[in-house]
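Please read these numbers as outputs of a predicted model, since none were measured by experiment.
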Amino acid sequence: MAGNSRLGCGGGLGDIVNDGVDALLGELRVRAGVARGSVSRAGRLGFLRSLVDPFERLSEPELSVVERVPCDGYRRDRVELEVLPGIRFGAYVLVPDGIRAPSPGVLAVHGHGYGSRQIIGLGADDSSDADGNDLYGRFAVQLVRRGLVVIAPDVVGFGERMTDVDRAYDSAAPSSCYRLSMELMMSGYTLTGLRIAELLGVLDAVAAHPDIDRDRIGIFGHSGGSLWSMIAMALDERIRAGVLCGFANTFADSFLAVHHCACNFVPGLLTVAEQPDLLALLAPRPLFLESGAEDPIFPASGFRSAVESVSAVYTDLEAADCFRSDLVPGVEHAVSGRLSYDWLAETLTGPGTAPTL
């Protein structure tokens, strides 16, 4: 009968259904904050490794060239890779004309969209994307024009790597993120772990590529691509420098405040680290954080908070010169590159030696 009395005083069933849930979530965040306060750097790295370790990589990745196309100032190779047993997927390798091999290389990691074609100047149907006027700005092409060998893999769940089930259910579906995330989670794994395992396998292929200097490898990601790039860089020191666009923030201001794809969420992560804690794992290696000042899903306030926190870590390690950031006025959730392209090229090649083709 107490329920009936409450219903009469509350003014509606909705008041009862939602009663206390927000308070519970707030309490759980507080508990997570207390828990992560005692987690060491090694503990955070161990947590990230636990996401990746269940996915066994080939000791020697397989790479074969499917197509080779001359472009303006560079060559575009379409390649097929196998880095996890039985899973084959495509990537593009962009090689500047006239390079002196081995040269610096960059992993270019797209996020949500139609796959690697979107960052190398092609439409979803392989037609030429003449202006590249979208959130990615053909950033892989911008990097190869600065003398860097670029490898852009197709991330599982997007474009031609959507699952057959999702294609059959909805031919217009933008990705397979939801199905992959839920099915992997139900089996005790994460889509984040699978994507990073593949990315580290691509890194194995990059390090073995005859045109690439394995001691001068960088990574450039945007949006979800920055999430996976950040974790890959944290776990593998062969990545000597990184640019993370459209991502650096706090979880409180982004993932937990604004609607984001299910693929971004990792069970238990908040008890181990806030996002700035993860970014700090990259120190003291060179790191550039870029964000649009008008980005609606990674707000400027959260970006500033992350930059302040990460900058302090670099300063404490006497590596302040290795950290840069750029909050770009007037830009929403998109790559600008107004400073980051040249910064990465100069970081990997040496000041004043990065040509613009």
Can you find a side-chain donor-acceptor pair between [X] and [Y] that sits under 3.5 Å?
X      : Y      : result
Ser116 : Asp154 : yes
His260 : Ser254 : no
Glu290 : Ser340 : yes

Cluster link [X] to [Y], ILVMFWY, side chain under 4.5 Å:
X      : Y      : value
Leu51  : Val156 : yes
Trp228 : Leu278 : yes
Met230 : Val39  : yes

Ion pair [X]/[Y], N-O distance below 4.0 Å:
X      : Y      : answer
Glu198 : Arg57  : no
Arg29  : Glu274 : no
Asp97  : Arg75  : no

Which of Val206, Leu200, Leu203 passes side chain to side chain contact (heavy atoms under 4.5 Å, CB included) with Arg238? Answer is Leu203
The side chain to side chain contact (heavy atoms under 4.5 Å, CB included) partner of Thr192 among Val52, Leu184, Ile231, Asn264 is Ile231
Hey, mind stepping through Arg146 and Gln142 against side chain to side chain donor-acceptor pair (under 3.5 Å) and telling me if it holds?
CA-CA 7 Å; Arg146 285 162 171 78; Gln142 296 293 336; 3.2 Å; yes
Do Arg78 and Tyr92 meet the cation-pi criteria used here (NZ or CZ under 6.0 Å from the six-membered ring centre, within 45° of the axis)?
yes
For the backbone of [Y] and the side chain of [X], can you confirm whether one donor and one acceptor N or O come within less than 3.5 Å of each other?
X      : Y      : answer
Arg76  : Arg68  : no
Ser176 : Thr163 : yes
Thr347 : Trp343 : yes

